[in-house]
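One structure below.
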Number of protein chains: 2
Amino acid sequence: MSGLEGNPYDPNCPTRTILDRIGDRWTVLVVGTLGHGPARFSQLASAVGGVSSKMLTQTLRALERDGLVQRTVYAEVPPRVEYALTDIGQTMREPLSALEHWAKSYVPEVLSAREAYDTHHGVK
Amino acid sequence: MSGLEGNPYDPNCPTRTILDRIGDRWTVLVVGTLGHGPARFSQLASAVGGVSSKMLTQTLRALERDGLVQRTVYAEVPPRVEYALTDIGQTMREPLSALEHWAKSYVPEVLSAREAYDTHHGVK
DNA sequence: CTGTATCCACGCTGATACTG
DNA sequence: CAGTATCAGCGTGGATACAG
């Protein structure tokens with residue numbers, strides 16, 4: 001019964017695990033970019049936009065550790081490193097797309113609900 | 001083009017908006033619980049488990065502000081407050097379920113990928 | 001019962017500088 | 001090119017106490 005309910009700290013709760021991963025600021029953007037095909041570190045950096053190399057590395061490492069992204073280093077000079085979604089990584093795009101689709105459909109309403117709320121209560 | 005790509009700080013990016021909301025620790029649990037039907041504050045508290053009243057209130061207020069949850073106060077003694085998903089709130093359950101379903105299917109693999117990774121690299 | 005008010009510690013994140 | 005190292009700031013969330 002560890003789905004939309006359950007202890008949020010339970011490391012065995014699958015939903016919490018994935019939520020913790022996609023809840024950060026860059027993971028979804030990186031997965032979305034890699035969905036178009038493999039990309040190099042610098043390509044990802046400019047495609048995502050505004051991400052520091054530290055954060056990009058950190059995001060990529062987490063994804064790699066989870067088996068969602070494949071990291072390939074080519075022994076060249078200058079160094080070339082390519083990242084690609086694994087098969088599992090690919091499957092994650094679907095629920096993410098569902099979320100994106102929902103967002104595009106309803107967030108405008110959410111935003112206007114916020115305005116209305118802020119108008120009737122104190123806007124800070 | 002503000003979907004799985006785009007500026008993560010853009011307040012107009014729908015995906016970012018929803019990700020910011022469900023990325024926290026309690027929102028998904030609360031929505032999941034309310035999916036079974038309306039519930040009172042104390043019912044939510046025990047159903048979710050481990051949440052402080054501060055955090056539960058904060059989560060509920062955010063959901064209410066976004067028009068996803070309806071808050072109804074009954075002028076009784078002792079006070080009774082009931083929370084329920086709005087129509088829009090209900091629609092959000094679908095993409096959340098998709099995510100949950102994905103999680104249940106693939107997180108076991110993710111977890112073993114982590115173990116494998118930690119074995120080959122330094123485990124802390 | 002249903003919250004509100006404080007205080008505080010932790011972790012995430014960005015900026016900056018440096019390296020193979 | 002593709003990172004790593006270090007540091008500092010800020011927000012998020014928990015504990016606790018109190019209130020309508």
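Throughout, a chain's letter reflects where its sequence line sits, starting with A, and its residues are numbered from 1. Note that these values count all heavy atoms, side chains included, but never hydrogens, waters or copies made by symmetry.
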Looking at side-chain heavy atoms only, is the closest gap between A:Gln58 and A:Asp24 below 4.5 Å? no

Compare every heavy atom of B:Val51 with every heavy atom of B:Ala45, then report the nearest pair and how far apart it is. O-CG1, 4.0 Å

Atom CD of A:Gln90 with >12 non-hydrogen neighbours under 6.0 angstrom: yes

The answer to which of A:Gly23 and A:Pro79 contacts DNA chain C further toward the 5' end, by nearest nucleotide, is A:Gly23

Please tell me if the side chains of A:Val110 and B:Arg21 come closer than 4.5 Å, counting only heavy atoms from C-beta onward. no

Taking the side chain as every heavy atom from C-beta outward, state whether A:Glu82 and A:Gln70 have any pair of such atoms under 4.5 Å apart. no

Between D:dG3 atom C1' and A:Glu82 atom CD, what is the distance in whole Å? 17 Å

If I take atom CG in residue B:Leu19 and atom C1' in nucleotide C:dC12, what distance separates them, rounded to the nearest angstrom? 16 Å

Which whole-number value in Å describes the distance from B:Gln43 CD to C:dG3 P? 13 Å

Where at least one partner belongs to residues 56-112 of chain A, residue pairs that pass ring-ring contact (aromatic ring centres under 6.0 Å, His included), sequence neighbours excluded: A:Trp102-A:Tyr106

Check this one for me: any side-chain N or O of B:Tyr83 less than 4.0 Å away from OP1 or OP2 of C:dG3? yes

Round to the nearest Å and state the distance from A:Phe41 atom CZ to C:dT19 atom P. 18 Å

Just how far, in rounded Å, is P of D:dG11 from CG of B:Asp20? 14 Å

Distance in angstrom units between A:Arg21 CZ and C:dC12 P, rounded: 11 Å

Tightest non-hydrogen contact, residues A:Ile88 and A:Gly67, listed as CB-O, 4.3 Å

The answer to which of A:Arg40 and B:Val51 contacts DNA chain D further toward the 5' end, by nearest nucleotide, is A:Arg40

Please report the distance, rounded to the nearest Å, between CZ in A:Arg25 and P in C:dA15. 12 Å

Using heavy atoms and a sub-4.0 Å distance, could you list which residues of residues 64-75 of chain B are near DNA chain C? By number, please. B:Arg71

Can you name the closest pair of heavy atoms from A:Gln43 and A:Arg40 and give their distance? OE1-N, 2.8 Å

Scan residues 52-61 of chain B against DNA chain C and write down, sorted by residue number, each residue with any heavy atom closer than 4.0 Å; if none is found, say none. B:Ser53, B:Lys54, B:Thr57, B:Arg61

B:Glu115 side, atom CD; A:Arg65 side, atom CZ - distance, nearest 0.5 Å: 10.0 Å

